[in-house]
2 protein chains.
Amino acid sequence: MTELPDQAASQVRLAAVRLSRRLRAQKSDDRVTDSQMTVLMHLSKHGSLTLSELAEAERISAPSMNRTVDCLETDGHVVRTPDPVDRRKTNITATDSGREIVAATLHKRNAWLTERMHELTPAERATLLAASEIMDRIATQ
Amino acid sequence: MTELPDQAASQVRLAAVRLSRRLRAQKSDDRVTDSQMTVLMHLSKHGSLTLSELAEAERISAPSMNRTVDCLETDGHVVRTPDPVDRRKTNITATDSGREIVAATLHKRNAWLTERMHELTPAERATLLAASEIMDRIATQ
DNA sequence: ATAGATAGTTAGCCTAGCTCATTAGCGGTG
DNA sequence: CACCGCTAATGAGCTAGGCTAACTATCTAT
């Protein structure tokens, strides 16, 4: 592994891409898309956030996040309220509808992966969980 | 973890999606896109394959794979040759140009992740590598 | 001979990322 | 106080890469 870092990276890359693709294919109902769901989760965890904060949290560009928030706003799952102090900023908050979706959708959304993880050995699950922490650190650093 | 399978799955899901997104953002030159590169790698490893075989290998639909192969063909990196035995089938083969790209691009493509993995401890790298095998198994099962 | 299955393809849709450019508001300096 | 440069949000338009539905050609089995 140390002598073949490229191949190790290649293997990790392929696995991450394939799993992510497979996860997206499991669309499990719903009322919101995957990226919208991520934003709603973030908002119900952290309360009101600005567009830039949301974009940075997911490491995507502000215009990309703007579109996602637009859709959520149109569907009534978030509201934009201008910041009273700095009027350039817009605070984005989940509505009751948005919070309700998070509560209702979370386990449905993860059902496929949860089931797959059930079929693993405890050691494999532990490895996966440990790795997910590392992957997230790499991805958001 | 066993008592909170949804949260474990959620963590793994987020990590996979975020890492995959981050990886895609590292586009590193080039002459081919990410999915084209994956196909070329597959072809140079396994020789001639049909469209369906390629689609199944990556667990995507035939039309999706068809588009990727179209682009590769237009750019001269693969050729389609009708199967002499079963004329419904089309064998897809990498050209010299395609193989050359695989050789030249592999390490560039993984440079970002390779570098990140270098910053990990050996134990973390081992965890990541072990997890990638599990993730790939889940994704392609 | 024909009916059904299979392989590839075309057309058209969707999600979700991006850059570039614009508008509005903020803060500091001549 | 006027202006300049920075920041926040947004609009426009592009791209990659998934999908389904529907068509054609071919094969296979009855």
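Residue numbering restarts at 1 for every chain, and letters A, B, ... go by the order of the sequence lines. Excluded from the calculations below are hydrogen atoms, water molecules and symmetry mates; all remaining heavy atoms, backbone and side chain alike, are included. Predicted model, so just to flag it, every value in this text is computed and none were measured.
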- Neighbours of DNA chain C within residues 63-79 of chain A, by heavy-atom distance under 4.0 Å: A:P63, A:S64, A:R67
- Query: With a cut-off of 6.0 Å (strictly less than), are more than 12 heavy atoms of other residues, nucleotides or ligands near CD of A:E124?
  - Reply: yes
- Nearest-Å distance for atom pair CG/C1', residues B:D34 and D:dG17: 10 Å
- Message: Whole angstroms only, please: what is the CZ-P distance between B:R21 and D:dG17?
- Response: 16 Å
- Query: Base, sugar-phosphate alone, or nothing: which one does A:R80 contact when heavy atoms must sit under 4.0 Å apart?
  - Reply: sugar-phosphate
- Item | Phosphate OP1/OP2 of C:dC14 contacted by A:T33 side-chain N/O (<4.0 Å) | no
- Separation between OG (B:S132) and CE (A:M135), nearest 0.5 Å, reads 9.0 Å
- Mind running a 4.0 Å heavy-atom check of residues 48-62 of chain B against DNA chain C and sending the residues that fall below it, in number order? B:T50, B:L51, B:S52, B:A62
- Task: Measure from CD on B:Q36 to P on D:dG18 and round the result to the nearest Å.
- Result: 11 Å
- Supply the atom-to-atom distance A:I138 CD1 to B:L128 CG, rounded to the nearest 0.5 angstrom. 5.5 Å
- Is any side-chain heavy atom of A:L43 less than 4.5 Å from a side-chain heavy atom of A:L54? yes
- Message: Rounding to an integer number of Å, can you tell me how far B:R18 CZ sits from C:dG17 C1'?
- Response: 16 Å
- Message: Can you tell me how far apart CZ (B:R116) and CZ (A:R137) are? Round to the nearest 0.5 Å.
- Response: 12.0 Å
Pick out the pairs of N or O atoms, protein on one side and nucleotides 24-30 of chain D on the other, that lie under 3.5 Å.
from   : atom 1 : to    : atom 2 : distance (Å)
D:dC27 : OP1    : B:R87 : N      : 2.8

